[in-house]
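To keep things clear, I will list the structure first and then write my remarks on it.
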Amino acid sequence: MSVAKPNPHDSGPSHVSGVARYTDDMPLADPVHLAFGLSSSAHAKLVLVNLDAVRAADGVIEVLTAADLPAENDVSPSAHDEPMLAVDTVHFVGQPIFLVVATSHRAARLAVQLGSIQYEDLPALLTIDDAMAADSKFEELMLFQNGDADSAMASSDNQIEGSMEIGGQEHFYLEGQAASAQPNEGDVLVHSSTQHPTEIQHKVAEALGVPMNAVRVETRRMGGGFGGKESQGNSLAVACAVVAMRLNRPAKMRYDRDDDMIITGKRHDFRIKYKAGFDNNGRLQSVIFEQFAKCGWALDLSLPVADRAMLHADNAYYLPNVRILSHRLKTNTVSNTAFRGFGGPQGIIGIERVLDHIAYDLGLDPLDVRRVNFYGEGRDVTPYHMTVEDNITPELVDELVETSDYIARRTQIAEFNKTSPILKRGISLTPVKFGISFTLTHLNQAGALVHVYSDGSIHLNHGGTEMGQGLFTKVAQVAAEVFGVGLDMVKITATDTAKVPNTSATAASSGADLNGMACKAACETIRERLKDFAAQQWQTTPEKIIFRDGMVQVGETLVSFAELAAAAYGGRVQLSATGFYKTPKIKWDRLAGKGRPFLYFSYGAAVTEVVIDTLTGENRILRSDILHDVGRSLNPALDIGQIEGAYVQGAGWLTTEELVWDDKGKHLTHAPSTYKIPACSDRPKEFNVNLWERGENVEDTIYKSKAVGEPPFNLGISAFLALSDAVASCGDVYPDMDAPATAERVLKTVDMEKGIAW
Amino acid sequence: MGQIRFLLNGDEVVLDNPNPTETLLDFLRENRKLTGTKEGCNEGDCGACTVSVAALEGGRLTHRALNACILFLPQLHGKSVRTVEGVSAPDGRLHPVQKAMVEFHGSQCGFCTPGFIMSMYTAHRDGRQDFDDVLAGNLCRCTGYAPIIRAAEAAAKEPQPDWLTDEADRLKAMAGGDITLDGAFLPATVDSFADWYAENPDATIVGGATDLGLWVTKLMRNLLPTVFVHRLEGMQQIEVTDEGIRIGAGVTVARVRGAVVDRYADFAEMLRRYGSVQVRNSATIGGNIANGSPIGDGPPALIALGATLTLRRGSERREILLEDFFVAYGKQDRQAGEFVESLFIPNQPDTLACYKISKRFDQDISAVCGCFNITVENGTVTAARIAFGGMAATPHRASHVEAALVGQPWTESTMNTASEAFAQDFTPLTDVRGSAEYRLRTAKNLLRRYFHESASPLTETRIVGRGAA
């Protein structure tokens with residue numbers, strides 16, 4: 001067996017010795033270096049753009065504005081509303097206006113500071129309130145509903161209402177955005193740190209006015225993506241390609257970290273207003289959510305992000321009467337984009353907040369309130385009218401409650417809080433049910449290309465990209481499994497638009513599901529050919545041929561895989577094949593809010609215990625226990641790695657990671673000195689992560705595994721609600737804390753509990 | 001023109017008149033095509049560019065993890081740089097930390113990995129196992145750190161590989177005297193520095209460059225002419241006398257921590273959270289003071305301890321109270337051509353508490369840094385030195401609070417009354433690290449914390465570091 005093994009990441013040895021190459025590490029012959037000159041106004045007409053001093057700066061070769069571009073000036077992945085270089089008007093602080101081409105990266109960065117730009121400021125919409133007041137939206141109000149929320153609310157036993165602000169999140173991939181382009185006899189070869197090589201190919205072709213077949217994009221690996229390289233790399237790749245073709249010389253570009261954090265989109269900040277009606281056990285009778293998504297200045301991927309927030313407003317709970325409204329707000333801020341979870345986490349934290357609020361209102365353990373609301377028999381239809389067929393939340397949570405000793409610890413924490421004057425503890429258990437499939441149905445397809453050489457070595461290529469998640473390792477395990485050979489026989493190669501065309505972004509946690517299946521199809525095609533050939537050669541039948549441990553049992557004969565490959569080549573058997581996969585069963589009408597957008601759900605749950613300091617708001621995660629369902633794991637080590645990393649990233653989103661803008665729309669937290677992702681000691685002191693042993697996908701996925709990239713991100717919500725639980729011990733009102741729960745916000749909420757006004 | 005010499009993965013590099021503010025990271029990646037060392041943030045906050053630098057300190061070879069992105073080439077003279085490409089055996093065998101990182105799944109995207117490897121390599125060489133501190137300056141966005149810690153713990157059990165060599169003799173041979181480059185002077189003695197600087201008072205003094213590095217990489221400023229003080233052993237001494245401790249301005253924050261840990265435990269605890277290992281290994285205490293930042297963590301603690309500064313111009317010296325050095329924002333009591341030579345901490349009983357409040361515990365700039373040194377005799381406050389960073393344009397004493405305490409009984413009521421005086425002492429600003437309200441509210445509460453700690457175990461108030469449960 002090659003699948004289900006904890007193989008290390010295929011690039012591990014090259015990572016640790018520094019030989020793994022990233023986009024900016026590629027050797028290029030005498031490249032030019034690029035940098036963007038950025039807008040300092042959030043919304044303005046460009047009155048005068050004087051770039052004389054930029055052109056005169058040391059090392060500058062040329063300076064381009066929109067007028068210099070050869071064809072399309074657009075880097076949008078969706079609505080053609082995102083010029084790479086601003087034309088007439090700028091829409092956020094940080095929007096690229098001009099492009100400097102220089103002899104070095106530093107020369108380009110020095111030169112961009114010298115632009116003299118006169119702005120005529122226009123009114124800037126910077127907040128959710130600004131956009132609501134101006135009715136500035138990308139789309140009409142969206143609505144999902146089931147049952148009759150209003151009458152059920154009116155007749156419900158108890159009601160609560162509230163509102164929560166949820167901050168955005170910077171991806172902080174350690175490798176910033178980077179690209180390069182090399183001219184090649186009128187065509188162009190692009191290297192890009194991207195989750196979506198086909199999109200890069202598409203945008204570069206548009207920008208050059210050439211067909212897609214004139215553009216080849218290659219991506220071996222990214223230094224982290226997290227959704228931030230689904231569309232945000234377009235500008236750099238297009239800029240490099242345009243310049244490379246203009247000058248007939250290689251061009252490269254990387255954003256300095258500050259530029260990266262100023263220019264590129266982030267997780268959408270949200271406001272969620274809620275109203276809930278419930279019985280005396282806390283069981284929901286009606287819920288109304290109103291979600292406000294701050295999308296920024298351009299559309300990018302905001303519609304499907306906001307859709308997914310709606311699609312996760314139920315999380316693991318049955319909402320019998322429900323209305324979910326969604327505002328997609330257009331503002332003069334950076335265009336928010338994909339980020340692990342893609343709106344799902346914002347939807348989930350809404351319902352988790354509601355259940356906590358209900359528990360507080362009724363004086364119940366929030367776990368009990370969650371349990372009475374889980375999906376179950378006869379309570380299995382989502383707000384978007386899909387039946388949940390694979391629900392395992394109740395049993396998974398039962399097991400975690402046991403293994404984490406939740407009940408006893410809740411009592412111990414209450415005791416601790418009674419006697420501890422300054423430090424208070426809190427605990428929370430939250431589950432996740434995460435829908436797997438792109439909600440834009442046609443994206444659920446993938447291709448692979450597999451060659452078997454005459455020495456038995458295997459060349460593997462597929463449309464997925466490697467950003468650290470271990471996709472290449474998992475897919476190679478699939479290939480090795482089909483051929484019954486060791487992983488060392490499979491050569492993993494860079495994603496390449498010339499090998500597998502028309503790929504979808506490696507996103508939506510779908511990488512292994514889609515590309516694993518495509519790879520399997522390709523390998524099986526070759527294996528069947530080999531079987532047919534061997535059956536003929538050794539006078540047996542194909543079903544008596546078994547591929548195992550690098551050998552092939554052909555009836556009574558045992559040959560090595562390499563010998564069979566050599567013989568098959570001699571027998572003129574085609575040893576190369578493509579594979580293709582499209583996700584079955586899914587069907588989705590987003591405007592109606594009805595259908596089956598997901599093939600299946602991934603499940604998990606976490607218990608987090610925290611401590612807060614009621615004098616300063618400082619806080620710490622003391623212990624986290626996670627039980628997560630990855631179906632039958634393709635690679636338990638990689639899956640646990642995804643879960644641990646996602647949890648810490650999710651907890652970071654809701655605690656220390658605070659994005660701050662000033663009242664002119666200028667981003668103030670554009671470097672790691674001011675934007676604080678979790679550091680080493682911020683991981684839970686005690687961190688118990690387990691895979692759900694009984695896990696098995698009810699759907700026919702790749703070896704019955706489940707997607708893992710995004711779902712566990714949502715488990716970080718338990719850290720936020722544990723902080724809220726600790727704060728609640730300080731007084732007698734529900735601590736309706738906004739996110740992120742920085743030390744300041746925790747202290748402010750503690751003081752509210754104590755009746756101290758700020 | 002002069003040249004600088006250093007070892008790079010064992011090979012000697014000789015650079016004739018290099019650009020004095022070229023960073024080691026750019027040199028490695030662009031000049032030497034050693035692209036294993038990564039640029040993550042270019043400001044010393046992420047650690048992806050970490051290298052291990054061996055140097056002779058007082059004749060002894062030390063190994064320090066440093067951020068290559070804010071390390072200028074002249075700072076390397078006479079030292080040995082090791083990058084991620086230079087830690088495995090010549091025959092390709094992996095170093096124990098490399099091996100463990102693969103086996104324990106410590107790399108995912110791999111981009112931060114070279115930096116982690118170099119921090120772990122350096123710690124392994126030194127036998128350090130306080131991994132939360134050792135790795136606080138290396139950010140990882142993929143793993144959540146758990147597998148990296150597992151790898152570090154596993155590697156710690158492995159012996160030093162046999163291919164590591166002692167480069168002390170080779171480094172001794174490189175030291176030499178004063179070096180002059182285009183735009184830079186690298187004096188070899190304090191006297192030589194003092195004379196030169198008196199003549200060239202407009203030059204930028206470069207100590208550890210953990211702040212000046214950003215002036216180059218982020219503010220895109222030209223620092224020339226520069227004078228590099230890292231070779232001045234005379235300013236790197238720590239002297240313990242009957243009266244107190246004298247610390248040379250060129251002593252790194254890492255060494256200051258070692259010098260105060262047995263005397264002022266909370267000062268050492270605060271320095272544990274000052275920057276990161278990489279930053280503390282480079283940053284000097286003199287730079288932390290002379291920089292004049294309102295948010296540096298060293299000055300509030302030192303003011304609370306009543307530290308004095310020795311300032312020197314040419315051969316003239318004068319001594320002032322540290323608190324008098326900070327005149328206004330961006331303005332210090334330092335004359336043209338004068339520099340901070342050393343500081344002195346008078347001996348006293350350890351009643352100091354240092355509270356560093358920041359969004360993240362490790363490697364974060366303080367929103368508020370409150371340092372309290374209150375003497376209580378027979379139930380009455382007889383002396384109080386309370387100093388804060390982050391509350392005003394300079395590090396500053398809370399003199400109204402002190403006045404409200406001194407002579408009063410050390411009671412909750414005194415403390416409550418005194419805490420109200422913070423509003424007279426400080427009118428803090430709102431910025432990305434915290435609002436004015438938060439800062440003032442926290443300052444008051446920190447006096448409460450100090451009061452509580454004067455009678456109760458630290459486990460009741462501390463959630464990290466010293467005294468935490």
Side-chain angles (χ1 to χ4, degrees), chain A residues 8-9 11-13 15-22 25 109-110 113 172-175 222-224 256-258 420-423 467-470 611 613 615-616 618 620 637 641 644-645 647-649 656 658 660 668-669 671-674 676-677 679-683 687 742-744 747 758, chain B residues 33 35-38 40-43 45-46 48 83-85 88 94 98 101-103 105 107-114 117 132 135-136 138-139 141-147 149 218 220 357 359-365 432 434-435 437-438 441-442 445-446 448-449 452 460-461 463-464:
Chain A
H9 195 287
S11 291
H15 289 155
V16 300
S17 45
V19 302
R21 268 191 195 153
Y22 299 78
D25 303 337
R109 286 184 61 214
L110 274 164
Q113 299 182 309
F172 209 84
Y173 25 66
L174 261 288
E175 178 209 26
M222 283 161 272
D256 181 70
R257 178 61 65 178
D258 293 64
S420 174
I422 290 169
L423 305 184
M467 62 194 97
Q469 80 278 46
V611 60
D613 178 340
L615 294 178
T616 61
E618 293 167 289
R620 204 91 182 115
E644 289 172 335
Y647 172 86
V648 170
Q649 196 175 61
T656 56
E658 186 178 36
V660 183
L668 301 176
T669 47
S673 51
T674 45
K676 311 312 283 189
I677 70 166
C680 189
S681 74
D682 296 312
R683 76 192 187 287
F687 200 6
T742 56
E744 171 161 353
L747 182 64
W758 282 28
Chain B
K33 309 298 177 200
T35 54
T37 307
K38 305 302 182 195
C41 69
N42 214 13
E43 64 168 26
D45 265 298
C46 79
T83 70
V84 69
E85 291 93 345
S88 53
L94 295 179
Q98 293 176 306
M101 280 286 272
V102 176
E103 283 172 4
H105 314 281
S107 74
Q108 286 186 20
C109 86
F111 199 82
C112 69
T113 308
I117 292 293
D132 279 358
L135 301 176
N138 291 88
L139 296 178
R141 192 56 152 165
C142 294
T143 64
Y145 303 98
I149 295 294
K218 295 295 172 178
M220 310 300 283
I357 309 300
K359 260 185 211 170
R360 188 173 71 194
F361 282 109
D362 288 314
Q363 210 205 172
D364 197 0
I365 293 166
V432 298
S435 67
E437 295 81 4
Y438 177 66
R441 178 91 188 111
T442 303
N445 280 346
L446 292 178
R448 280 175 224 284
R449 187 193 272 182
H452 191 88
E460 292 191 2
T461 48
I463 61 178
V464 297

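So that the names make sense, note that chain A is the first sequence line, chain B the second, and so on, each numbered from 1. In what follows, every heavy atom counts, from backbone to side chain, and hydrogens, waters and symmetry copies are set aside.
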Is A:Lys676 reaching over with its side chain to a backbone N or O of B:Gln363, donor-acceptor style, under 3.5 angstrom?
yes
Given side chains that start at C-beta, do those of B:Thr442 and A:Glu744 come closer than 4.5 Å, heavy atoms only?
no
Ring pair (Phe, Tyr, Trp, His ring centres under 6.0 Å) involving B:His105 - partner list, sequence neighbours excluded:
none
From the list A:Ile677, A:Thr656, A:Asp682, A:Thr669, the residue making the most non-hydrogen contacts under 4.5 Å with chain B is A:Ile677
Salt-bridge contact A:Arg257-B:Glu43 (side-chain N to carboxylate O under 4.0 Å):
no
Close side-chain approach of A:Leu174 to B:Cys46, heavy-atom, < 4.5 Å:
yes
For A:Val648, is it the side chain, the backbone, both or neither that has a heavy atom under 4.5 Å from a heavy atom of chain B?
side chain
Minimum side-chain heavy-atom gap A:Leu615-B:His452 below 4.5 Å
no
Salt bridge present between B:Arg449 and A:Asp613 (N-O < 4.0 angstrom):
yes
Under a 4.5 Å heavy-atom cut-off, does chain B meet the side chain of A:Ser17, its backbone, both or neither?
both
Name the region of B:Lys38, side chain, backbone, both or neither, that has any atom closer than 4.5 Å to a heavy atom of chain A.
side chain
Proximity breakdown for A:Asp258 and chain B, heavy-atom pairs closer than 4.5 Å:
both
Counting distance only, does the side-chain N/O of A:His15 pair as donor-acceptor with the main-chain N or O of B:Cys109 below 3.5 Å?
yes
State, yes or no, whether a side-chain contact exists between B:Asn445 and A:Leu747 at a heavy-atom distance under 4.5 Å.
yes
Which answer fits B:Asn42, side chain, backbone, both or neither, if we ask what part of it has an atom under 4.5 Å from a heavy atom of chain A?
side chain
Would you mind checking which part of A:Ala743 comes under 4.5 Å of any heavy atom in chain B, side chain (CB onward), backbone (N, CA, C, O), both or neither?
both
Applying a strict 4.5 Å limit to non-hydrogen atoms, the region of A:Glu658 in contact with chain B is both
Are any non-hydrogen side-chain atoms of B:Lys218 and A:Asp256 less than 4.5 angstrom apart?
yes
Across all chains, not counting sequence neighbours, the ring pair (Phe, Tyr, Trp, His ring centres under 6.0 Å) partners of A:Phe172 are none
With no hydrogens and no angle check, is any side-chain donor or acceptor of B:Tyr145 less than 3.5 Å from a backbone partner on A:Glu644?
no
